[in-house]
Amino acid sequence: MSNGPLIVQSDRTVLLEVAHPDAETARHELAIFAELERAPEHIHTYRITRLGLWNARAAGHEADDMLATLDRWSKFPVPPSVSIDIRESVNRYGRLVIERDDEGLLVLRSTDAAVLAEVTKNKPIQPLLIGHPAPDAYVIDAWARGAIKQELLKIGWPAEDLAGYTPGTPHPIDLVENGWHLRPYQHTAVSTFTGGGSGVVVLPCGAGKTLVGAGAMAETKTTTLILVTNTVSARQWRDELLRRTTLTEEEIGEYSGQMKEIKPVTIATYQILTAKRKGQYAHLALLDALDWGLIVYDEVHLLPAPVFKLTADLQARRRLGLTATLVREDGREGDVFSLIGPKRFDAPWKEIESQGFISPAVCYEVRVDLPEGDRLEYAASADEDRYRLAATAPAKISVVRDLVARHRGERILVIGQYLDQIDTLAEALDAPKITGQTPVDEREQLYQAFREGSIELLVVSKVANFSIDLPEASVAIQVSGSFGSRQEEAQRLGRLLRPKESGHTASFYTLIARDTVDQDFAQNRQRFLAEQGYSYTILDADQLAAA
DNA sequence: GAGTATGTAA
DNA sequence: TCCCCTACATACTC
């Protein structure tokens, strides 16, 4: 404790001085248990939340480690109230345990009689308990394993679930490591997951989440249901599994709108699980179609709310969540924690980057002025028109032109959200464009040409968010985004983070109209990136033109 | 059936 | 606040 980069405040927020020489090291240690809340230029704000502490605890970090981090990097003494609070919160995890008794019944057990008395008195929890065979144990209704974990988390006493899992139907699966191997961090992720049985692995885009899934499958060797966000991702999983494991085409099925195959390894979309007919979930049978021993949730931060409900009933099956971020826009992180499982592994992006597995990226925010006439119109506009006016500021076109010129020779993506803006840009830059209206085969052709390099500049709409990988892109220019969704930001940056042969540093530009809602939304977006250790540099459009 | 067009949900 | 995109279901054509 002396002149460190952190200030720990008694309201459980932690300020990080970005320019401090130890800032990056401190940030990595802090990010284990604190969440980034605001990331303006000089001082970043982290918040220590219970959920963050419990996730850290479940990943094997002790309260002493966390307190040591704060003490080591703090400029002033850590307020005693915060230290005490952290210790108490961390120690709340694991005080309650869900396990099987000798007869195979599901029981809630605690050596702490007071805690047990408190939680079992709770209104929503009481009806889930159907017996009290011993002073330290209550029998839980067999179907309520998920529900009780949700309720316990809500009242601040998360239970550690040690009740085990159904083995599922065994199925031989092995990795085929010919000429490649799981990377060390992937190995660690797989083994911590299989040790814990259920939980979430957090890895940045491009760090090989699919291989962690494949590794987990090769460890558990059982029939597996893989849930993904869209059909493109389903195909990618399928191809990757065929390439990296002993699984053959006959053993991998796709269960989607187009195909309804059920095989020992089945890949399904979230959408099909949530599809309803006559008010009933139409494809629930999929969840019991085979005796799944493992369920993989790809992009668990995008899990639709109804799937949580279904997952509450699947607590006896092993669950692996994969994601680049645990942050959800809807605040259901707690459901991920109690229903999928706690975080088992988390690799900071910067660390993987420094090991050379994904290429480094630099982020810039470029501020442009609205023209005088538009400023008046902006001021007079209703809120709903303002965003569009700011996002489509004409000055952005010349900035894009400058940036494109500056990165000549690299593969460049220009990303926008409004179709007419995309039309204008494509025309101004004389570049091909891809929108939702572009027919699928034309899209494929353009993507292919971009990958091969015969096209170096592509203007795209939101299609690019969820569709195919464009690993060759090393520059992205975001002209307009939507309402500051961090997910979207992550997706877009993820496009640039694949390891590249060229060794180019990837650049990510966000164009912002000064003094508008545009700027407010942008701040929200930055947050996510700063959390992963990226710095945002703010540039002025005029400076840029001069440089 | 396979392929296409249209509507709906999130 | 709306815009954009995707996936699914259904109805229709050949």
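All figures in this text were calculated on a predicted structure; none of them were measured in a lab. All chains are named by letter (A, B, ...) in the order of the sequence lines, taking the proteins before the strands, and each is independently numbered beginning at 1.
With rounding to whole Å, A/D420 atom CG is found 13 Å from C/dC2 atom C1'. When the C1' atom of C/dC5 is taken as reference, atom CG of A/L302 falls 14 Å away, rounded to whole Å. Taking atom OH on A/Y378 and atom P on C/dT1, their separation rounds to 16 Å, with Å as the unit. The distance between atom OH of A/Y255 and atom P of C/dA9, rounded to the nearest whole Å, is 8 Å. The distance between atom CD1 of A/I422 and atom C1' of C/dC4, rounded to the nearest whole Å, is 9 Å. The interatomic distance linking A/L389 (CG) with C/dT1 (C1') rounds to 14 Å, in whole Å. As rounded to whole Å, 16 Å separates atom C1' of C/dA7 from atom CD of A/E299. If you measure from atom OH of A/Y270 to atom P of B/dA10, you get 17 Å, rounded to the nearest angstrom.
In this structure, of C/dA7, C/dC5, C/dC4, it is C/dC4 that holds the atom nearest to the side chain of A/Y418. Checking C/dT6, C/dC5, C/dC3 against the side-chain heavy atoms of A/Q417 singles out C/dC3 as nearest. Looking at the side chain of A/S461, the nearest of the listed nucleotides C/dA7, C/dC5, C/dA9 is C/dC5.
Residue A/T269 places at least one side-chain N or O under 4.0 Å from the OP1 or OP2 atom of C/dC8. The shortest distance between the side-chain N/O atoms of A/K260 and the OP1/OP2 oxygens of C/dC8 is not below 4.0 Å. Here A/H283 does not reach the OP1 or OP2 of C/dA7: none of its side-chain N or O atoms lies under 4.0 Å away.
When only modelled atom types and interatomic distance are considered, A/K149 and A/Q315 share a side-chain donor-acceptor pair under 3.5 Å.
Here A/T231 lies in heavy-atom contact (under 4.0 Å) with sugar-phosphate atoms only.
Atom CG of A/D430 sits in a sparse spot, with 12 or fewer heavy atoms from other residues, nucleotides or ligands closer than 6.0 Å. By the neighbour-count criterion of 12 heavy atoms within 6.0 Å, atom CD of A/E427 is sparsely surrounded, having that number or fewer from other residues, nucleotides or ligands.
Interatomic distance, A/L303 CG to A/T274 OG1, rounded to the nearest 0.5 Å: 10.0 Å.
Between A/R145 and A/D161, at least one side-chain N (NZ, or NE/NH1/NH2) sits under 4.0 Å from a carboxylate O, which counts as a salt bridge.
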